[in-house]
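See below for the structure under consideration.
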Amino acid sequence: MTDHMPDDVSPAGRDLREYTDELRAKHDIVRNVAGEWVLLRHADVVAAALDDETFSSAVSRYLQVPNGLDGEEHTRFRQVIDRYLTEDELTPFIPAFEDVASRLVAELPRGEVLDAVHDVGAVFAVRAQCAWLGWPSELEPQLLQWMAENQAATRSGDHERMADVAEKFDAIVVSMVAPRRAAGADAPDDVTTRLCRDEVDGRPLTEEELVSLLRNWTGGDLGSIALCVGVLLEYLARNPGLVERVRVGSDAEVDAIIDEILRIDDPFLSNRRITTCPVTVAGQEIPVGARVKLHWTSANRDEEVFDRDAFKPEAHAEKNLVYGIGRHVCPGRLLATIELRIALRALVGSVNAIELHPEEKPERAVSPIGGYQQLPIVLS
(Lines give C-alpha, C1' and ligand atoms only; values in the text may rest on other atoms or scores of the structure.)
Protein backbone atom coordinates (compact mmCIF):
# COMPACT_ATOMS: atom_id res chain seq x y z
CA MET A 1 0.00 0.00 0.00
CA THR A 2 1.16 3.55 -0.63
CA ASP A 3 1.66 5.94 2.28
CA HIS A 4 -0.52 8.62 0.74
CA MET A 5 -4.26 8.09 0.95
CA PRO A 6 -6.11 9.95 -1.84
CA ASP A 7 -8.80 12.29 -0.54
CA ASP A 8 -10.30 13.44 -3.84
CA VAL A 9 -11.45 10.16 -5.38
CA SER A 10 -14.41 10.64 -7.69
CA PRO A 11 -16.56 7.64 -8.65
CA ALA A 12 -18.67 9.69 -11.07
CA GLY A 13 -19.36 7.86 -14.33
CA ARG A 14 -17.26 4.85 -13.36
CA ASP A 15 -17.90 1.13 -13.19
CA LEU A 16 -17.22 0.75 -9.48
CA ARG A 17 -16.21 -2.90 -9.67
CA GLU A 18 -13.39 -2.04 -12.05
CA TYR A 19 -12.52 1.20 -10.24
CA THR A 20 -12.31 -0.32 -6.76
CA ASP A 21 -10.10 -3.08 -8.16
CA GLU A 22 -7.71 -0.34 -9.29
CA LEU A 23 -7.91 1.54 -5.99
CA ARG A 24 -7.47 -1.56 -3.85
CA ALA A 25 -4.20 -2.36 -5.59
CA LYS A 26 -2.71 0.71 -3.87
CA HIS A 27 -4.97 1.61 -0.95
CA ASP A 28 -6.94 0.05 1.87
CA ILE A 29 -9.07 3.14 2.36
CA VAL A 30 -9.76 6.28 0.31
CA ARG A 31 -11.72 9.47 0.81
CA ASN A 32 -14.01 10.52 -2.00
CA VAL A 33 -14.93 13.97 -3.25
CA ALA A 34 -18.04 13.93 -1.03
CA GLY A 35 -15.82 13.58 2.03
CA GLU A 36 -16.83 9.96 2.68
CA TRP A 37 -14.26 7.46 3.91
CA VAL A 38 -14.52 4.37 1.68
CA LEU A 39 -13.38 1.05 3.17
CA LEU A 40 -12.06 -1.22 0.41
CA ARG A 41 -10.67 -4.22 2.27
CA HIS A 42 -12.66 -7.24 3.39
CA ALA A 43 -11.26 -7.21 6.93
CA ASP A 44 -12.02 -3.51 7.47
CA VAL A 45 -15.52 -3.76 6.03
CA VAL A 46 -16.32 -6.76 8.24
CA ALA A 47 -14.90 -5.09 11.36
CA ALA A 48 -16.95 -1.93 10.76
CA ALA A 49 -20.13 -3.88 9.99
CA LEU A 50 -19.77 -5.84 13.22
CA ASP A 51 -19.03 -2.72 15.30
CA ASP A 52 -22.44 -1.07 14.98
CA GLU A 53 -21.84 1.05 18.10
CA THR A 54 -18.92 2.90 16.50
CA PHE A 55 -20.33 2.78 12.96
CA SER A 56 -23.94 3.91 13.28
CA SER A 57 -26.53 3.28 10.56
CA ALA A 58 -28.49 6.44 11.43
CA VAL A 59 -27.20 8.28 8.37
CA SER A 60 -30.38 9.52 6.68
CA ARG A 61 -32.66 12.42 7.51
CA TYR A 62 -35.56 10.18 6.46
CA LEU A 63 -36.98 7.31 8.49
CA GLN A 64 -35.47 4.05 7.24
CA VAL A 65 -36.89 0.91 8.82
CA PRO A 66 -34.85 -1.09 9.69
CA ASN A 67 -31.71 0.02 7.78
CA GLY A 68 -31.33 3.38 9.48
CA LEU A 69 -31.91 2.19 13.04
CA ASP A 70 -29.39 1.18 15.69
CA GLY A 71 -29.26 -0.92 18.83
CA GLU A 72 -32.40 -2.14 20.56
CA GLU A 73 -34.67 -0.08 18.32
CA HIS A 74 -33.28 -1.90 15.31
CA THR A 75 -33.65 -5.25 17.08
CA ARG A 76 -37.33 -4.63 17.88
CA PHE A 77 -38.17 -3.81 14.26
CA ARG A 78 -36.08 -6.71 12.94
CA GLN A 79 -38.09 -9.06 15.15
CA VAL A 80 -41.20 -7.91 13.30
CA ILE A 81 -39.62 -8.05 9.84
CA ASP A 82 -37.83 -11.37 10.27
CA ARG A 83 -41.13 -13.14 11.02
CA TYR A 84 -42.19 -12.64 7.38
CA LEU A 85 -38.92 -13.88 5.89
CA THR A 86 -38.41 -17.31 7.45
CA GLU A 87 -38.33 -20.51 5.43
CA ASP A 88 -41.72 -21.55 6.84
CA GLU A 89 -43.29 -18.23 5.84
CA LEU A 90 -41.77 -18.10 2.35
CA THR A 91 -42.12 -21.74 1.26
CA PRO A 92 -45.89 -21.43 0.56
CA PHE A 93 -45.10 -18.69 -1.99
CA ILE A 94 -42.76 -20.86 -4.06
CA PRO A 95 -45.54 -22.12 -6.37
CA ALA A 96 -46.62 -18.51 -7.01
CA PHE A 97 -43.04 -17.47 -7.82
CA GLU A 98 -42.66 -20.49 -10.12
CA ASP A 99 -45.87 -19.55 -11.90
CA VAL A 100 -44.64 -15.97 -12.34
CA ALA A 101 -41.33 -17.21 -13.75
CA SER A 102 -42.83 -19.79 -16.11
CA ARG A 103 -45.38 -17.35 -17.50
CA LEU A 104 -42.71 -14.69 -18.05
CA VAL A 105 -40.33 -17.10 -19.78
CA ALA A 106 -43.16 -18.31 -22.02
CA GLU A 107 -43.81 -14.66 -23.05
CA LEU A 108 -40.19 -13.93 -23.94
CA PRO A 109 -39.48 -14.08 -27.68
CA ARG A 110 -36.85 -16.53 -28.93
CA GLY A 111 -34.16 -15.46 -31.36
CA GLU A 112 -34.71 -11.74 -30.71
CA VAL A 113 -32.65 -9.26 -28.71
CA LEU A 114 -33.83 -8.84 -25.10
CA ASP A 115 -32.49 -6.69 -22.31
CA ALA A 116 -31.85 -9.12 -19.45
CA VAL A 117 -32.10 -6.36 -16.84
CA HIS A 118 -35.31 -4.64 -17.92
CA ASP A 119 -37.19 -7.23 -20.00
CA VAL A 120 -36.42 -10.16 -17.71
CA GLY A 121 -35.11 -9.04 -14.31
CA ALA A 122 -37.33 -6.03 -13.70
CA VAL A 123 -40.54 -7.69 -14.89
CA PHE A 124 -39.86 -10.82 -12.84
CA ALA A 125 -39.03 -8.74 -9.75
CA VAL A 126 -42.25 -6.73 -9.95
CA ARG A 127 -44.48 -9.75 -10.53
CA ALA A 128 -42.83 -11.85 -7.82
CA GLN A 129 -42.98 -9.08 -5.21
CA CYS A 130 -46.62 -8.35 -6.03
CA ALA A 131 -47.40 -12.06 -5.64
CA TRP A 132 -45.68 -12.09 -2.25
CA LEU A 133 -47.17 -8.87 -0.88
CA GLY A 134 -50.65 -9.36 -2.30
CA TRP A 135 -50.47 -6.32 -4.57
CA PRO A 136 -52.58 -6.26 -7.75
CA SER A 137 -51.02 -7.10 -11.11
CA GLU A 138 -52.41 -3.81 -12.43
CA LEU A 139 -49.57 -2.08 -10.57
CA GLU A 140 -46.95 -3.62 -12.87
CA PRO A 141 -46.69 -0.75 -15.42
CA GLN A 142 -46.56 1.82 -12.62
CA LEU A 143 -43.85 -0.06 -10.74
CA LEU A 144 -41.77 -0.65 -13.88
CA GLN A 145 -41.99 3.04 -14.73
CA TRP A 146 -40.98 3.95 -11.20
CA MET A 147 -37.97 1.61 -11.37
CA ALA A 148 -36.76 3.30 -14.55
CA GLU A 149 -37.25 6.77 -13.07
CA ASN A 150 -35.55 5.79 -9.82
CA GLN A 151 -32.48 4.40 -11.58
CA ALA A 152 -32.19 7.50 -13.76
CA ALA A 153 -32.56 9.79 -10.75
CA THR A 154 -29.99 7.82 -8.77
CA ARG A 155 -27.48 8.01 -11.63
CA SER A 156 -28.04 11.76 -11.95
CA GLY A 157 -27.03 12.45 -8.35
CA ASP A 158 -29.73 15.15 -8.24
CA HIS A 159 -31.07 14.94 -4.68
CA GLU A 160 -34.22 16.90 -5.47
CA ARG A 161 -35.00 14.57 -8.34
CA MET A 162 -34.34 11.53 -6.14
CA ALA A 163 -36.65 12.93 -3.46
CA ASP A 164 -39.43 13.42 -6.01
CA VAL A 165 -39.08 9.84 -7.21
CA ALA A 166 -39.09 8.59 -3.60
CA GLU A 167 -42.32 10.48 -2.94
CA LYS A 168 -43.90 8.79 -5.96
CA PHE A 169 -43.05 5.40 -4.56
CA ASP A 170 -44.32 6.33 -1.11
CA ALA A 171 -47.62 7.26 -2.74
CA ILE A 172 -47.81 3.78 -4.32
CA VAL A 173 -47.19 2.19 -0.91
CA VAL A 174 -49.81 4.37 0.79
CA SER A 175 -52.32 3.34 -1.91
CA MET A 176 -51.78 -0.27 -0.76
CA VAL A 177 -51.66 0.40 2.99
CA ALA A 178 -54.46 2.94 3.57
CA PRO A 179 -57.36 0.87 2.16
CA ARG A 180 -56.27 -2.18 4.16
CA ARG A 181 -56.14 -0.22 7.40
CA ALA A 182 -59.52 1.34 6.68
CA ALA A 183 -61.11 -2.02 5.78
CA GLY A 184 -60.29 -3.61 9.12
CA ALA A 185 -61.50 -7.23 9.22
CA ASP A 186 -62.60 -7.00 5.58
CA ALA A 187 -59.06 -6.37 4.27
CA PRO A 188 -57.59 -9.07 2.02
CA ASP A 189 -55.65 -11.83 3.74
CA ASP A 190 -52.12 -11.15 2.51
CA VAL A 191 -48.67 -10.18 3.74
CA THR A 192 -49.35 -6.45 3.44
CA THR A 193 -52.53 -6.71 5.53
CA ARG A 194 -50.74 -8.79 8.16
CA LEU A 195 -48.02 -6.18 8.34
CA CYS A 196 -50.62 -3.41 8.70
CA ARG A 197 -51.98 -5.26 11.75
CA ASP A 198 -48.56 -5.99 13.25
CA GLU A 199 -47.13 -4.29 16.32
CA VAL A 200 -43.82 -3.10 17.70
CA ASP A 201 -43.35 -2.30 21.39
CA GLY A 202 -46.98 -3.34 21.93
CA ARG A 203 -48.40 -0.69 19.59
CA PRO A 204 -49.48 -0.77 15.94
CA LEU A 205 -46.94 0.28 13.34
CA THR A 206 -47.50 3.86 12.24
CA GLU A 207 -48.23 4.63 8.61
CA GLU A 208 -44.80 6.26 8.35
CA GLU A 209 -43.14 3.11 9.66
CA LEU A 210 -45.21 0.90 7.34
CA VAL A 211 -44.33 3.02 4.33
CA SER A 212 -40.64 2.99 5.22
CA LEU A 213 -40.61 -0.75 5.77
CA LEU A 214 -42.48 -1.54 2.55
CA ARG A 215 -40.31 0.95 0.67
CA ASN A 216 -37.32 -1.09 1.81
CA TRP A 217 -38.97 -4.41 0.91
CA THR A 218 -40.06 -3.28 -2.54
CA GLY A 219 -38.31 -0.12 -3.68
CA GLY A 220 -34.90 -1.52 -2.80
CA ASP A 221 -35.56 -5.14 -3.70
CA LEU A 222 -37.09 -4.53 -7.13
CA GLY A 223 -33.99 -2.81 -8.48
CA SER A 224 -31.67 -5.23 -6.72
CA ILE A 225 -33.34 -8.36 -8.11
CA ALA A 226 -33.33 -6.88 -11.62
CA LEU A 227 -29.62 -6.09 -11.39
CA CYS A 228 -28.87 -9.56 -10.01
CA VAL A 229 -30.70 -11.23 -12.89
CA GLY A 230 -28.58 -9.21 -15.33
CA VAL A 231 -25.33 -10.22 -13.62
CA LEU A 232 -26.35 -13.89 -13.41
CA LEU A 233 -27.46 -14.16 -17.03
CA GLU A 234 -24.30 -12.45 -18.28
CA TYR A 235 -22.16 -14.92 -16.36
CA LEU A 236 -24.15 -17.95 -17.55
CA ALA A 237 -23.96 -16.71 -21.14
CA ARG A 238 -20.17 -16.53 -20.88
CA ASN A 239 -19.93 -19.81 -18.98
CA PRO A 240 -22.42 -22.16 -20.64
CA GLY A 241 -21.04 -25.13 -18.74
CA LEU A 242 -22.80 -23.79 -15.64
CA VAL A 243 -26.22 -23.83 -17.32
CA GLU A 244 -26.61 -27.59 -16.94
CA ARG A 245 -25.57 -27.38 -13.28
CA VAL A 246 -28.33 -24.83 -12.70
CA ARG A 247 -30.78 -27.00 -14.63
CA VAL A 248 -30.20 -30.24 -12.69
CA GLY A 249 -28.48 -29.16 -9.45
CA SER A 250 -29.99 -29.28 -5.98
CA ASP A 251 -31.36 -26.12 -4.41
CA ALA A 252 -28.21 -25.84 -2.31
CA GLU A 253 -25.93 -26.18 -5.33
CA VAL A 254 -27.85 -23.60 -7.36
CA ASP A 255 -27.91 -21.19 -4.41
CA ALA A 256 -24.13 -21.56 -4.03
CA ILE A 257 -23.67 -20.85 -7.74
CA ILE A 258 -25.81 -17.71 -7.46
CA ASP A 259 -23.95 -16.45 -4.39
CA GLU A 260 -20.54 -16.95 -6.01
CA ILE A 261 -21.49 -15.20 -9.25
CA LEU A 262 -22.82 -12.29 -7.20
CA ARG A 263 -19.59 -12.22 -5.18
CA ILE A 264 -17.56 -11.92 -8.36
CA ASP A 265 -19.83 -9.14 -9.65
CA ASP A 266 -21.66 -7.77 -6.63
CA PRO A 267 -24.38 -5.26 -7.61
CA PHE A 268 -24.98 -4.33 -3.94
CA LEU A 269 -22.21 -1.75 -3.95
CA SER A 270 -22.06 -0.25 -0.49
CA ASN A 271 -23.83 0.84 2.68
CA ARG A 272 -23.33 4.07 4.58
CA ARG A 273 -22.38 4.51 8.23
CA ILE A 274 -21.52 7.47 10.47
CA THR A 275 -18.93 7.31 13.24
CA THR A 276 -20.06 7.90 16.83
CA CYS A 277 -16.50 8.44 18.10
CA PRO A 278 -13.01 8.83 16.66
CA VAL A 279 -11.71 5.56 15.22
CA THR A 280 -8.64 4.33 13.35
CA VAL A 281 -9.14 2.17 10.25
CA ALA A 282 -6.27 0.90 8.11
CA GLY A 283 -3.93 3.33 9.87
CA GLN A 284 -6.15 6.31 9.14
CA GLU A 285 -7.68 8.38 11.94
CA ILE A 286 -11.36 9.01 11.22
CA PRO A 287 -13.09 11.68 13.35
CA VAL A 288 -16.44 11.45 15.09
CA GLY A 289 -19.38 12.23 12.84
CA ALA A 290 -17.56 11.12 9.68
CA ARG A 291 -19.43 9.49 6.81
CA VAL A 292 -18.11 6.03 6.00
CA LYS A 293 -18.92 3.64 3.16
CA LEU A 294 -18.65 -0.12 3.61
CA HIS A 295 -17.84 -1.12 0.05
CA TRP A 296 -19.20 -4.65 -0.31
CA THR A 297 -18.28 -4.96 -3.99
CA SER A 298 -14.64 -4.17 -3.27
CA ALA A 299 -14.52 -6.36 -0.15
CA ASN A 300 -15.94 -9.30 -2.10
CA ARG A 301 -13.07 -9.03 -4.59
CA ASP A 302 -10.28 -8.50 -2.05
CA GLU A 303 -7.27 -10.50 -3.25
CA GLU A 304 -6.17 -11.05 0.34
CA VAL A 305 -9.29 -13.19 0.89
CA PHE A 306 -10.51 -14.44 -2.50
CA ASP A 307 -9.10 -15.78 -5.72
CA ARG A 308 -10.75 -12.69 -7.15
CA ASP A 309 -12.36 -13.67 -10.45
CA ALA A 310 -12.15 -17.43 -10.01
CA PHE A 311 -15.45 -19.30 -9.66
CA LYS A 312 -15.03 -21.25 -6.40
CA PRO A 313 -18.39 -21.47 -4.60
CA GLU A 314 -17.26 -23.78 -1.81
CA ALA A 315 -13.92 -22.14 -1.11
CA HIS A 316 -15.35 -18.61 -1.08
CA ALA A 317 -18.71 -19.18 0.61
CA GLU A 318 -17.65 -18.54 4.20
CA LYS A 319 -16.28 -15.04 3.50
CA ASN A 320 -18.92 -13.97 0.93
CA LEU A 321 -20.47 -10.60 1.87
CA VAL A 322 -23.13 -10.27 -0.84
CA TYR A 323 -25.86 -9.94 1.78
CA GLY A 324 -23.75 -8.17 4.37
CA ILE A 325 -22.80 -9.27 7.87
CA GLY A 326 -23.62 -8.37 11.44
CA ARG A 327 -26.74 -6.83 12.94
CA HIS A 328 -27.73 -5.26 9.63
CA VAL A 329 -27.29 -8.37 7.49
CA CYS A 330 -29.96 -8.35 4.76
CA PRO A 331 -33.23 -9.76 6.17
CA GLY A 332 -34.42 -10.61 2.67
CA ARG A 333 -31.56 -12.93 1.77
CA LEU A 334 -33.73 -16.07 1.69
CA LEU A 335 -36.47 -14.36 -0.32
CA ALA A 336 -33.97 -13.04 -2.86
CA THR A 337 -32.24 -16.42 -3.14
CA ILE A 338 -35.53 -18.27 -3.70
CA GLU A 339 -36.65 -15.77 -6.34
CA LEU A 340 -33.34 -15.80 -8.20
CA ARG A 341 -33.12 -19.59 -8.13
CA ILE A 342 -36.64 -19.91 -9.52
CA ALA A 343 -36.03 -17.30 -12.23
CA LEU A 344 -32.82 -18.99 -13.41
CA ARG A 345 -34.30 -22.47 -13.41
CA ALA A 346 -37.31 -21.31 -15.40
CA LEU A 347 -35.03 -19.79 -18.03
CA VAL A 348 -32.52 -22.62 -18.37
CA GLY A 349 -35.33 -25.17 -18.31
CA SER A 350 -37.08 -23.57 -21.28
CA VAL A 351 -34.28 -22.57 -23.63
CA ASN A 352 -31.34 -24.32 -25.20
CA ALA A 353 -28.96 -21.42 -24.79
CA ILE A 354 -28.59 -17.93 -23.34
CA GLU A 355 -26.27 -15.93 -25.57
CA LEU A 356 -24.85 -12.44 -25.46
CA HIS A 357 -25.79 -10.49 -28.57
CA PRO A 358 -22.75 -10.51 -30.88
CA GLU A 359 -23.14 -6.88 -31.98
CA GLU A 360 -24.91 -5.03 -29.16
CA LYS A 361 -22.44 -4.88 -26.28
CA PRO A 362 -23.37 -5.02 -22.57
CA GLU A 363 -23.42 -1.64 -20.85
CA ARG A 364 -22.07 -1.59 -17.32
CA ALA A 365 -23.96 0.46 -14.76
CA VAL A 366 -21.94 3.31 -13.29
CA SER A 367 -21.74 4.85 -9.84
CA PRO A 368 -23.76 4.65 -7.66
CA ILE A 369 -25.27 1.53 -9.25
CA GLY A 370 -23.60 -1.85 -9.82
CA GLY A 371 -24.09 -4.62 -12.33
CA TYR A 372 -25.37 -3.82 -15.82
CA GLN A 373 -27.36 -0.90 -17.13
CA GLN A 374 -28.27 -2.94 -20.20
CA LEU A 375 -27.48 -6.53 -21.13
CA PRO A 376 -28.57 -7.54 -24.67
CA ILE A 377 -29.15 -11.29 -24.81
CA VAL A 378 -30.74 -13.77 -27.21
CA LEU A 379 -32.64 -16.85 -26.03
CA SER A 380 -32.59 -19.82 -28.40
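In this text the structure is predicted, and so the values were computed from the model without any measurement. Along the sequence shown, residues carry numbers from 1.
- Aromatic ring centres of Phe306 and His42: separated by under 6.0 Å.
- Centroid-to-centroid, the aromatic rings of Trp296 and Phe268 stay 6.0 Å apart or farther.
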For salt bridge (Lys or Arg N to Asp or Glu O under 4.0 Å), just list the numbers for Arg17 and Glu22, CA-CA rounded to whole Å, side-chain angles, deciding distance to a tenth of an Å, and then say yes or no.
CA-CA 9 Å; Arg17 182 178 70 150; Glu22 294 175 8; over 6 Å; no
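- The minimum heavy-atom distance linking Arg273 with Asn271 is given by the pair NH1-CB, 3.6 Å.
- None of Arg31, Arg272, Lys293, Arg291 except one satisfies the salt bridge (Lys or Arg N to Asp or Glu O under 4.0 Å) rule with Glu36; the exception is Lys293.
- Expressed to the nearest 0.5 Å, how far CE of Met176 lies from OG1 of Thr193 amounts to 10.5 Å.
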After noting the C-alpha distance and the side-chain angles of Leu375 and Leu356, does the key distance pass the side-chain contact (heavy atoms from CB on, under 4.5 Å) rule?
CA-CA 8 Å; Leu375 183 73; Leu356 298 176; 3.9 Å; yes
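- What you find for Tyr19 and Pro11 is that their closest heavy atoms are CE2-CA, 4.2 Å.
- Applying the under-4.5 Å side-chain rule to Ile, Leu, Val, Met, Phe, Trp and Tyr, the cluster around Val329 consists of that residue alone.
- Rounding to the nearest 0.5 Å gives a distance of 10.0 Å between CD of Glu260 and CG of Leu242.
- One finds the CZ atom of Phe77 at 12.5 Å from the CG atom of Asn67 (value rounded to the nearest 0.5 Å).
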Step-by-step side-chain contact (heavy atoms from CB on, under 4.5 Å) determination, Leu195 to Leu205:
CA-CA 8 Å; Leu195 189 64; Leu205 293 163; 4.1 Å; yes
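- Rounded to the nearest 0.5 Å, atoms CG (Leu69) and CD (Glu73) are 4.5 Å apart.
- Between Asp21 and the choices Arg308, Lys26, Arg14, the salt bridge (Lys or Arg N to Asp or Glu O under 4.0 Å) rule is met once, by Arg308.
- Annotation for Pro136 and Cys130: closest pair O-SG, 4.1 Å, computed over non-hydrogen atoms.
- A distance of 5.5 Å separates CD of Gln129 from CG of Leu335, quoted to the nearest 0.5 Å.
- Note that the CD atom of Glu234 and the CG atom of Asp265 stand 7.0 Å from one another [nearest 0.5 Å].
- Screening residues 105-116 for side chain to side chain donor-acceptor pair (under 3.5 Å) gives Glu107-Arg127 as the qualifying pairs, with residues at least two apart or on separate chains.
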